[in-house]
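Since the structure comes first, as structure tokens, the remarks are kept for the end.
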Amino acid sequence: MDRIINSFRKAFSVCVLAFSLCIVILAFVSYETDRPLSPGNIFVLTWMFLSITIIRTLYLSLEGTKKIGRIPYWIKRLIALPFYFGVAVIGLKNLVCLESSYRTNLIFIVAVFGTIYFLASTIRYFIEKKQTDAMTDALLQIQKEIEKENE
């Protein structure tokens with residue numbers, strides 16, 4: 001249960017920043033296009049926020065298990081991709097009202113979501129790699145100190 005609570009805290013802190021940023025962007029676009037901000041848009045964003053928070057909480061809580069923890073980083077991200085993608089396609093289709101065909105909207109959503117997901121995954125990978133490298137350097141330094149004391 002502690003793993004789920006800690007995972008929820010991590011997921012919520014990231015998702016609430018993204019949710020707030022989406023609200024600001026949506027308000028700015030509504031202002032620029034002279035269209036009022038509808039409650040339906042806020043409802044869709046809230047649904048997306050809650051769905052992504054739940055998916056991220058499950059992902060983070062399962063990441064700590066032994067079976068999932070051994071899987072390489074990029075494979076774990078590919079496993080989570082369809083869940084995030086489903087929420088993004090359903091939410092953005094309802095949120096963005098473009099006056100073009102369904103296929104064009106789907107291609108636009110896939111391109112934007114794929115780019116953002118790839119960039120976020122890459123940034124997170126390098127952050128985790130930096131932390132792992134720092135931990136490895138610290139362990140090597142401690143090992144050298146222990147070897148000096150034993151000599």
Side-chain angles (χ1 to χ4, degrees), residues 1-32 37 39-96 98 104-151:
M1 190 65 174
D2 289 338
R3 182 183 300 156
I4 293 173
I5 292 171
N6 290 336
S7 299
F8 178 76
R9 286 180 183 156
K10 288 179 186 178
F12 186 80
S13 65
V14 171
C15 290
V16 77
L17 290 173
F19 177 71
S20 301
L21 183 63
C22 286
I23 293 289
V24 169
I25 291 171
L26 186 63
F28 180 73
V29 169
S30 294
Y31 175 76
E32 288 295 320
L37 188 63
N41 290 345
I42 304 301
F43 177 75
V44 169
L45 275 179
T46 304
W47 173 81
M48 289 175 69
F49 165 70
L50 293 175
S51 299
I52 289 177
T53 302
I54 291 169
I55 292 169
R56 183 113 175 106
T57 300
L58 291 174
Y59 175 78
L60 289 174
S61 64
L62 289 175
E63 197 174 47
T65 62
K66 290 181 182 180
K67 287 185 178 182
I68 303 293
R70 294 183 199 152
I71 297 174
Y73 175 80
W74 291 105
I75 294 175
K76 287 189 278 188
R77 296 301 290 179
L78 287 175
I79 292 170
L81 176 67
F83 300 109
Y84 291 121
F85 184 70
V87 172
V89 167
I90 293 169
L92 291 176
K93 188 182 118 202
N94 292 326
L95 187 65
V96 179
L98 299 175
T104 305
N105 288 342
L106 186 61
I107 291 171
F108 175 72
I109 291 170
V110 167
V112 169
F113 177 78
T115 303
I116 291 172
Y117 189 81
F118 177 73
L119 288 174
S121 296
T122 304
I123 291 169
R124 179 155 182 214
Y125 173 76
F126 284 117
I127 289 171
E128 287 183 10
K129 187 176 182 325
K130 182 179 176 185
Q131 291 173 349
T132 304
D133 290 346
M135 182 67 73
T136 303
D137 292 343
L139 289 173
L140 288 174
Q141 186 176 1
I142 290 172
Q143 184 179 13
K144 288 179 183 177
E145 290 176 8
I146 291 173
E147 288 175 356
K148 285 182 182 178
E149 289 178 3
N150 289 338
E151 291 178 352

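Values below: every heavy atom of this structure, side chains too, minus hydrogens, waters and symmetry copies.
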Task: Q141 atom CD, neighbour heavy-atom count above 12 within 6.0 Å - done: no
Task: Rounded distance (nearest 0.5 Å) linking atom CZ of R56 with atom OG1 of T53 - done: 10.0 Å
TODO: Calculate, to the nearest 0.5 Å, the distance between atoms CE and OG1 belonging to M48 and T46 respectively.
DONE: 10.5 Å
Task: I146 side chain near Q143 side chain, heavy-atom distance below 4.5 Å - done: no
Task: Residues, nucleotides or ligands: over 12 heavy atoms within 6.0 Å of R9 CZ - done: no
Task: Min side-chain heavy-atom separation F49-V16 under 4.5 Å - done: yes
Open item on the list: Are F12 and T57 packed together at the side-chain level, in the sense that at least one heavy-atom pair is separated by less than 4.5 angstrom?
Closed with: no
TODO: Any chance you could measure Y59, atom OH, to I79, atom CD1, to the nearest 0.5 Å?
DONE: 8.5 Å
Task: Pairwise distance OH(Y125) to CZ(F118) - rounded to 0.5 angstrom - done: 11.5 Å
Task: Heavy-atom closest pair, residues F83 and I55 - done: O-CD1, 3.6 Å
- [ ] Rounded to the nearest 0.5 Å, what's the gap from CG on L62 to CD1 on I71? Could you check?
- [x] 10.0 Å
